[in-house]
Amino acid sequence: MGFQEVPNRVDFPAQEREILRFWKESRAFDTLRTLHRGEPHWSFIDGPITANNPMGVHHGWGRTYKDAMQRFRTMQGHELRYQNGFDCQGLWVEVEVEKEKGFKTKKDIESFGLEEFVRLCKARVLKYAAVQTEQSIRLGYWMDWNEPDTLRWLGEKLLENPRQIITLEGVEGPVTGTVEELIGRLGMPELGGSYFTFSTENNYMIWTFLKRCWEKGWVYRGVDVMPWCPRCATGISQHEIVTDGYAELTHNSVTVRFPLLDENGQPRLDAQTGLPEALLVWTTTPWTLTSNVAAAVGPDLTYVKVRNGDRVYYLAKGTLSMLRGDYQVLGELKGTELEGWKYAGPFDDLPAAQIAGGFSKIKEVSAGVSQSAAQAHRVILWEEVGETEGTGIVHIAPGCGAEDFQLGRKYGLPMIAPLDEEGVFVDGFLWLSGMHVSEVADPIFANLKEKDLLYRVAPYTHRYPTCWRCHSELVFRLVDEWFISMGEVYDKPRSELTPEEKARSLRYQIMDVVDQIRWIPEFGYAREMDWLRNMHDWMISKKRYWGLALPIWVCKECDHYEVIGDEKELQARAVEGWEIFEGHTPHRPFIDAVKIQCPHCGGKMERVLDVGNPWLDAGIVPFSTLRYRSDPDYWRKWYPAQWITESFPGQFRNWFYSLLAMATVIDQSPPFLQNFGFATLVAEDGRPMHKSWGNAIEFNEAADRMGVDVMRWLYVTQRPENDLLFGYNRGDEARRQFLIPLWNAYSFFVTYARLDGWLPQGTFDRDFPEGATPQSENILDRWILVRLNQLTARVTASLDDSDFYTASTSIGVFIDDLTNWYIRRSRRRFWKSQSDDDKQAAYATLYHVLVKLTRLLAPLTPFVTEAMYQNLVRNVREGAYESVHHTRWPVTDETAIDGVFLEQMNLARMVASLGLAARSGANLKVRQPLARAMAFAGNNRSLPPDLVEIITDELNVKDFEFVEEASRLVNFRVLPDNKTLGPRFGALFPKVRAALAALDPSSVAALVQAGQGVKLNVDGQEIELAPAEIIVQTMPVEGLAVASDKGFTVAIDAVITPELRAEGLAREFVRRVQDLRKTAGLEISDRIRLRFVATGLLADAVEKFRDYIMNETLTVDLATGEPDAEMVVVEDQFDGEKVKIGLKRYTP
RNA sequence: GGGCCUUUAGCUCAGUUGGUUAGAGCGUGCCUCUGAUAAGGGCAAGGUCUCAGGUUCGAGCCCUGAAAGGCCCA
């Protein structure tokens, strides 16, 4: 037993890998759980990470918060669940599998086979769950992880044969089942480990949720025009489009003539000029012209009739610059005057435009509409039409645009839906049929030109929605999808809603739940509320393959639909196909085989083929993972989560929203009590990380190069509401400023403790291994102990408040105090050869500080603290815990906190710092001793002798004194105390200030220092200021070696006497010897022989300070003369003297 | 178009309830210390606190408006 030697240069990443090995071999995490079993629970719910690719450094940010908070709560004495989550289902996985297999369309998937495709998706998730598990472990994230190799093995077995029977080691013993079944049970109580949102329980729990929605009448099938990705062949919901969903794109916009028609359907001619009249219409999506039905004008806009070339056009007055060539304004009219005008559509030659009731496969949209598009063409009014772009006349294609659709509904217009799922024009569009939407623009321009309808084509750059997964440009498409109603938005304050109104509207119920949650930072609350107010109904369906099987069964005969609440209900209702499905997870294609009977007409009901929105998968986890269905007691114990944390952008409408919506429907309660949010990680150049920009950093690379303690330090020292700039330069800075100084303090301690054979004494409590606060007479010791306990209180309060920034930056400041003041000033106490009480106190103090500091830091940087703990505690204490992370959270020793020490030490440090500045200003190097320093510090005129000693030593002066007669050092400046006098005099204050300034500063200062008031004459009024209302400041007198700051002034006596000079030379000599010792590679404790040759003054000085020199340099034999052959030699000159010194190790 | 956030030194950021001379780190220059040494420390230069109004005896901070950037929603 004893401290092991500490290398002063460490390969931190290598050390971290060693510690990972240690944790694994010692099963440190299992021990932690055992130690805290049965303690008050603290519930955290992990927001699932998408297991689709390796994780990035941005994931490291959130995961560091999660780990640090969990470690902190555990050390405080709580039992936690430590369950990580993987998000598994949805389009993002499909897209990657499609890429792997080289699939281009949905048809490729169907011909490949749904069953195998779904298996590939599952296997991919398992593969990347394994990778992310390994990366998270590397980050030091302590969770109930699955063995990564087991996850990989399961993936392989699944691809091999999902029906084979296997056995896994479970929590309470082996668990046997088919591969498919066991994969579906990952994360369940019997298997443990991370939860997977593809689990059978997760899916059925969502069924239960959807059934409750349905029972309340909130699940409905709706028709809408939605953003649609032609590559993925699926609708993109509002939730998905808003973040990653826009790109700056340049398209060819087109301005088109819509010739006006008279009542007889003949071309309308202008009465004045006899020229044919036309509307001028502009669009950025030419393909939608094929489906034009109407043209909209702003009712309040002013329109003009202009002659341009051999035609007469109508357009908004504010858009005249759209016209090419000369034009002549013939008249003005209001938008409302245009209403009802008829025109010839640009593609009335297509069959689709000629069909009565419109052209769409969705029957519903043509109900009650008898006209064809060609018959329906007319000008309608729309308030949203503006003049900022285009012509002020908007082309309306109700089957191709969301707002167009709403207008179409309002005016009962026919609708034309031109595109199939993959963006190809369907039959009914003649030459266009079979063409892809992305390739029709130019042919359409050519066709319009041929028909003499084309006015102008011009490139136009705009924000255009793209698919957040594959980046294809989206189109708008008429679809039928499934929705959860959010309820109406009432036009009155929330407080005035009746219970009935609230009961009808889910959004207000969610708001009530949001009120019960603390949002950090606070603006999170407003963000979530804003989203809830504006939120549309939640589109939960997606026409894809891999995901939640929506439990909606529709009758083939009567169109009645029902939502099935769980597997038991399904089995009970099944009339066909159960035997095909049985034994499978509730995924396509097997679930599709199950048919039930329609309670209305007795017909056969089939499941809708759609899969679910993936945020359903993530939002249900407070129920599915906490055993809501199987173990209500367990659920009540762990629900709600005390705390969740995720990156803000996006989550208000995604995970936070789905958590809130689902918990509100199921339990009318908050699923989490605190939400700690943080911003976005970007590269060091402030731009988002992009592989192609060369500024992206991969997680593994960062961990290998900078080490994860450094990464974690970058994360926790960041203010969470600001974007984090992440990169190697920042990492180097953190290593230099935090990790290396910490390590050096530790290494310093161990080096000397080993030399002196020092070991901690007294009783040992393994929960609090630093022991009680040591008692010491030494002022440095007492000061650092005050600081330590102040820090303990601060870090505890900050972490309690999710304030990692304050916690970590406070620790940073403390480490600076420790290394740059406590250790620097205490160094000689450790060096000195006699082992007295003071040395013992120094060891006891520094040891205590290091151990407690290590433990305060353990949640933030678990690796370096573990390395320090192993040596500082485990190597020297019988019965110590195996890991620092098994110890209890440090307790603040309130009795050790004494503010007087802090003030006095601050004063001493201020004086020392100013003294050094004064020396520096006079070009007097510190190695040259000087006679005297003088300080003026107002009323602070005394310091204890030990602090004075520190100051004299620091400043290298023989004597230090506070001067009361500041006039020796400074001039005075008197100022009114604004804080008291401002309110007292109000508007008169400037005159009071001026009157005070007019007095002689030194006499005012004298009065104030004597405790007397000052009389002023202001506007003929006699005013008296109390001494407390006047602030006396000092300015250094010119010509002294003086420095001054905030009322403190320090002066140095710059006279160098011959004695001082000799002492200075002796110190220079020592310095050269110390350098030589290092060059020769000696140990700190090695004794030496010295030979030297020196010029006059220096030789005298060496003689005079012989004892001092020998003592400082551990010299046992010092003599003049040429160095021996085997000596290390240095020659140097300084201060006009020359010297040659030889050194060798002394061997008795 | 609406909401929220940001704007302080060359860069990255602090800045307490409004108070007198606005700070830190990095970078730059000079100096210095010396068993933390491929480190440490000090000093200096560097600021119309984005702009314009307002409130106030007094505004980096509060209010109004504008600009730029970001996030969110239309």
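Naming convention: chains lettered A, B, ... in sequence-line order (proteins, then strands); numbering from 1 in each chain.
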message: What is the distance, to the nearest angstrom, from the CG atom on A:D723 to the C1' atom on B:C4?
response: 14 Å
- prompt: OH of A:Y805 versus P of B:U16: gap in Å, rounded?
  reply: 12 Å
So what does [X] touch, heavy atoms closer than 4.0 Å: a base, only the sugar-phosphate, or nothing?
| X | result |
| --- | --- |
| A:N722 | sugar-phosphate |
| A:P976 | base |
| A:Q737 | sugar-phosphate |

Whether [X] side chain and [Y] backbone form a donor-acceptor pair below 3.5 Å:
| X | Y | value |
| --- | --- | --- |
| A:D1086 | A:R1145 | no |
| A:E1029 | A:A1026 | yes |
| A:S798 | A:F804 | no |

- prompt: Would you say the side chains of A:D756 and A:Y843 form a donor-acceptor pair under 3.5 Å?
  reply: yes
statement: For nucleotides 28-36 of chain B, 5' to 3', base contacts (B), sugar-phosphate-only contacts (S) and non-contacts (-) with protein non-hydrogen atoms under 4.0 Å give ----SSBBB
Heteroatom pairs (N/O) under 3.5 angstrom, protein to nucleotides 57-59 of chain B:
unit_1: B:C57; atom_1: O4'; unit_2: A:G986; atom_2: O; d: 2.7

[atom1]-based separation of [M] from [N] [nearest Å]:
| N | M | atom1 | answer |
| --- | --- | --- | --- |
| B:G29 | B:A45 | C1' | 8 Å |
| B:G1 | B:A66 | P | 11 Å |
| B:U7 | B:U50 | P | 8 Å |

query: Taking the six-membered ring where the residue is Trp, are the ring centres of A:F648 and A:F678 under 6.0 Å apart?
result: no
field: Residue whose nearest RNA chain B nucleotide is more 5′ - A:E403 or A:A526
entry: A:A526
Give the nucleotide from the list [options] with an atom nearest to the side chain of [X].
| X | options | answer |
| --- | --- | --- |
| A:R9 | B:G27, B:A38, B:C73 | B:A38 |
| A:N534 | B:U20, B:C73, B:A38 | B:C73 |
| A:R527 | B:G40, B:G19, B:C4 | B:C4 |

- prompt: Should stems be defined as at least three consecutive Watson-Crick or G-U pairs with both distances under 3.5 angstrom, which of them involve RNA chain B?
  reply: B:1-7 with B:67-73, B:10-13 with B:23-26, B:28-32 with B:40-44, B:50-54 with B:62-66
